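Have a look at the structure below, then the notes.
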Amino acid sequence: MSDFDVVVLGGGPGGYASALYAASAGLTVALVEKEKVGGTCLHRGCIPAKALLHAAEVFRTVSHAGAHGVRLPEGVEPEPDWPAANSRKAGIVNQLHKGLSGLLKRRKVTVVNGWGRLTADGAVAVDGQNLRGRAVIVCAGSAPRAIPGMEVDGVRVVTSDQSTNSEADRLPERVAVIGGGVIGAEFASVYTDLKVDTTLLEALPHGVLPIGPDRDVADVLARSLKKRGTTIHAETRVGTLEQTSNGVVVPFETPRGSDKIEVDQVLVSIGRRPVTEDIGAAEAGVRIDQRGFVEVDTATMQTSRPGVYAIGDCVGTPGLAHVAYAEAMVAVDHILGENPPPVDYAKVPWVVYTHPEVAWTGMTEAEARAAGRDVEVHKHAMAGNGRAMILGETDGLVKVVAARGGPILGFHLVGPWASELLHEGYLAVNWEALPSDVGRLVHAHPSLAEAIGETMITFSGRSLHG
Ligand code: NAD
């Protein structure tokens with residue numbers, strides 16, 4: 001006898017998407033969550049971080065208002081208002097949390113508060129109560145990785161969990177960001193734009209987004225950050241931090257020698273780890289791999305125990321909320337006895353919400369060449385795009401990687417609204433469109449998207465403005 005059709009362990013994007021989608025298909029669902037539904041994405045990650053990035057954007061825009069023909073009163077300089085930015089951010093998070101809670105209620109999802117663990121007989125135990133489902137979906141999520149020996153005190157040394165939840169009444173004046181990946185780059189962008197003295201310390205040879213995007217687009221972001229004032233060190237080894245009365249001293253080594261900086265705050269953003277230590281995996285016969293991820297068959301999202309599924313950050317697929325949403329649909333469809341198409345991980349959309357934004361899907365040029373593909377590559381700078389000029393944001397690039405005479409393999413963007421423009425390329429890559437298919441489609445004028453059309457047309461050997 002099952003109490004529910006599906007029991008979901010964890011209420012982040014993977015968990016709530018599983019619950020909502022299963023309920024929409026008429027299944028009865030229990031959702032176990034130890035804190036608030038919404039998880040890292042809503043409470044400590046995507047949403048608050050993007051709200052802070054937006055505050056930085058407004059400050060940047062107002063600071064340049066004069067160039068756009070809007071005069072500030074004589075002698076008036078705009079200033080960041082950190083408490084106001086944080087309270088707006090908190091308001092958005094609260095509103096989304098309320099909306100999500102209401103939606104779960106309307107779909108008749110039973111939300112159970114507490115820490116859930118899988119049991120040997122395939123149930124989920126929460127505070128002495130056993131929830132039985134025909135299927136269980138584990139969505140245990142992830143937590144920031146720590147640097148061994150570096151204590152995170154939440155004040156001087158913080159992770160993104162604390163930075164996104166800051167209730168500090170003022171911005172730090174000097175920040176060191178350890179790790180130039182997605183989180184490091186986004187926070188470096190926020191702090192730099194808000195006039196915080198920002199130093200980015202990255203272990204790998206490229207200081208900004210060393211893994212993931214095509215170098216051509218990542219380099220545009222790196223150049224923009226540098227131009228705006230971020231100090232970037234690549235190939236950096238950070239030493240033992242030293243607390244002083246004024247802040248924290250961060251010693252580091254690069255191929256150019258040893259150095260140290262004193263800052264008010266250190267943000268550690270060196271990646272995230274799955275939270276799978278205490279979910280009862282061993283008891284339930286759910287295999288965990290050496291890195292701590294739940295092992296799944298990505299064709300169905302089923303774990304080594306039939307009937308138990310796992311999705312989202314606790315499995316080793318890209319740690320993105322929208323990937324968790326897609327995996328939730330695969331798991332639930334499979335529970336419903338269907339044969340869903342699996343997520344094509346090599347072609348999911350990636351977006352870094354820095355200024356300028358970076359977005360991509362599919363293969364980078366280097367990946368395509370390393371895979372032995374004969375490729376044709378065309379790029380189009382945003383510099384000549386009328387809409388970009390009107391916005392005053394001409395730092396940008398469209399880059400398309402296609403098989404020679406064949407379909408589009410990779411689509412790479414940097415520049416204004418890359419996050420939104422990406423989805424045209426996403427469709428093209430996933431539908432295996434030819435550049436000529438997209439090049440013949442009409443792009444509105446004036447628009448940023450015209451740069452995409454222009455790039456596709458260039459594959460024909462002819463061009464309009466490009
Ligand atoms: P990440 O893996 O993107 O980047 C971590 C970076 O830290 C890497 O460049 C790595 O080389 C570097 N690093 C590791 N150890 C180091 C050390 N000791 N010293 C200096 N550098 C070091 O991880 P993240 O930025 O922490 O993000 C974590 C996860 O959150 C990712 O899975 C990411 O996909 C997700 N996320 C996504 C978005 C988005 O999609 N916009 C935003 C935030 C977070």
Side-chain angles (χ1 to χ4, degrees), residues 12-14 39-54 141-150 152 157-164 176-190 199-213 215 217-218 221-222 232-241 250-255 261 266-275 291-293 312-326 345 348-361 413-414 418-420 422 426:
T40 297
C41 168
L42 175 52
H43 298 285
R44 299 175 291 279
C46 325
I47 298 293
K50 269 84 256 183
L52 295 178
L53 278 152
H54 181 70
S142 64
R145 268 181 56 205
I147 297 179
M150 188 181 290
V152 172
V157 184
V158 300
T159 65
S160 54
D161 280 9
Q162 284 116 13
S163 296
T164 50
V177 178
I178 304 179
V182 185
I183 294 180
E186 288 186 351
F187 272 97
S189 186
V190 170
T199 306
L200 196 56
L201 304 166
E202 163 60 47
L204 292 174
H206 292 284
V208 180
L209 303 180
I211 305 167
R215 273 327 318 151
V217 295
L221 170 62
I232 301 169
H233 294 286
E235 293 181 87
T236 309
R237 276 174 62 96
V238 177
T240 307
L241 305 186
V250 184
F252 59 93
E253 277 176 37
T254 70
I261 49 172
V266 176
L267 168 64
V268 182
S269 50
I270 59 156
R272 297 180 65 87
R273 59 170 182 83
V275 181
R291 294 175 308 153
F293 292 110
D313 281 12
C314 71
V315 301
T317 54
L320 302 168
H322 46 276
V323 167
Y325 290 160
Y345 294 103
V348 298
W350 286 86
V351 177
V352 190
Y353 295 80
T354 40
H355 174 67
E357 293 181 344
V358 176
W360 71 97
T361 183
L413 293 174
V414 55
S419 52
E420 302 294 337
L422 173 67
Y426 175 76

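Numbering of residues begins at 1 and proceeds along the displayed sequence. Atoms within a ligand are numbered from 1 in the order they appear, just like the ligands themselves. Nothing here was measured: the structure is a model prediction, and the numbers come from that model.
Nearest protein neighbour of atom 7 (O) of ligand 1, counting heavy atoms only, is Gly179 CA, 3.4 Å. Ranking protein heavy atoms by distance to atom 42 (C) of ligand 1, first place goes to Val182 CG1, 3.2 Å. Gly181 CA, 3.2 Å is the protein heavy atom nearest to atom 4 (O) of ligand 1. In terms of protein heavy atoms, atom 21 (N) of ligand 1 is closest to Ala203 N, 3.2 Å. Shortest contact from atom 18 (N) of ligand 1 to any protein heavy atom: Ile147 CD1, 4.0 Å. Remark: minimum distance from atom 43 (C) of ligand 1 to any protein heavy atom is reached at Ile183 CG1, 3.3 Å. If you check which protein heavy atom lies closest to atom 26 (O) of ligand 1, you get Gly271 N, 2.9 Å. Looking only at protein heavy atoms, the nearest one to atom 16 (C) of ligand 1 is Ile270 CG2, 3.4 Å.
At a heavy-atom distance under 4.0 Å, no atom of Val238 approaches ligand 1. Neither the backbone nor the side chain of Arg145 has a heavy atom within less than 4.0 Å of ligand 1. When heavy-atom distances to ligand 1 are checked against a 4.0 Å cut-off, Pro210 comes that close only through its side chain, counted from C-beta outward.
Near Leu204, meaning under 4.0 Å from one of its heavy atoms, ligand 1 places the atoms 11 (O). Applying the 4.0 Å criterion to heavy atoms of Leu201 picks out, from ligand 1, the atoms 20 (C), 21 (N). With ligand atoms numbered from 1 in the order given, ligand 1 contributes 39 (C), 40 (O), 41 (N) to contacts under 4.0 Å with heavy atoms of Val351. Less than 4.0 angstrom separates some heavy atom of Tyr353 from each of these atoms of ligand 1: 41 (N). Below 4.0 Å from some heavy atom of Trp350 lie the following atoms of ligand 1, by number and element: 34 (O). If you number the atoms of ligand 1 from 1 as listed, the ones under 4.0 Å from a heavy atom of Ile178 come out as 19 (N), 20 (C).
Taken from NE2 in His43 to OG1 in Thr164, the straight-line distance is 11.0 Å, to the nearest 0.5 Å. One distance of note links CG of Leu267 with CG of Leu200; it measures 9.5 Å at 0.5 Å rounding. Annotation: the span from Tyr426 atom OH to Thr361 atom OG1 amounts to 6.5 Å, rounded to 0.5 Å.
Counting heavy atoms only, Gly319 comes closest to atom 33 (C) of ligand 1 of the residues Ala359, Cys41, Ala146, Gly319. The nearest non-hydrogen atom to atom 11 (O) of ligand 1, considering only Lys50, Arg237, Glu235, Glu202, comes from Glu202.
Under the ring-ring contact (aromatic ring centres under 6.0 Å, His included) criterion, His233 pairs with Phe252, sequence neighbours left out. For Phe293, there are no ring-ring contact (aromatic ring centres under 6.0 Å, His included) partners, not counting sequence neighbours.
The minimum heavy-atom distance linking Ser142 with Thr40 is given by the pair O-OG1, 3.9 Å. Nearest heavy atom pair, residue Val177 against residue Gly184, reads CG1-CA, 3.5 Å.
Of the options Ile147, Val238, Ile183, a side-chain contact (heavy atoms from CB on, under 4.5 Å) to Ile270 is made by Ile147 and by none of the others.
For a threshold of 3.5 Å applied to N or O pairs, the pair formed by Arg272 and ligand 1 contains no separation below that value.
Counting heavy atoms from C-beta on, the side chains of Ser160 and Phe187 come closer than 4.5 Å.
Side-chain atoms of Thr236 come within 3.5 Å of backbone N or O of Glu202 as a donor-acceptor pair. Under the 3.5 Å distance criterion, the side-chain polar atoms of Arg237 are left unmatched by any main-chain donor or acceptor of Glu253. Side-chain atoms of Ser269 never come within 3.5 Å of backbone atoms of Thr159 as a donor-acceptor pair (strictly under, hydrogens ignored).
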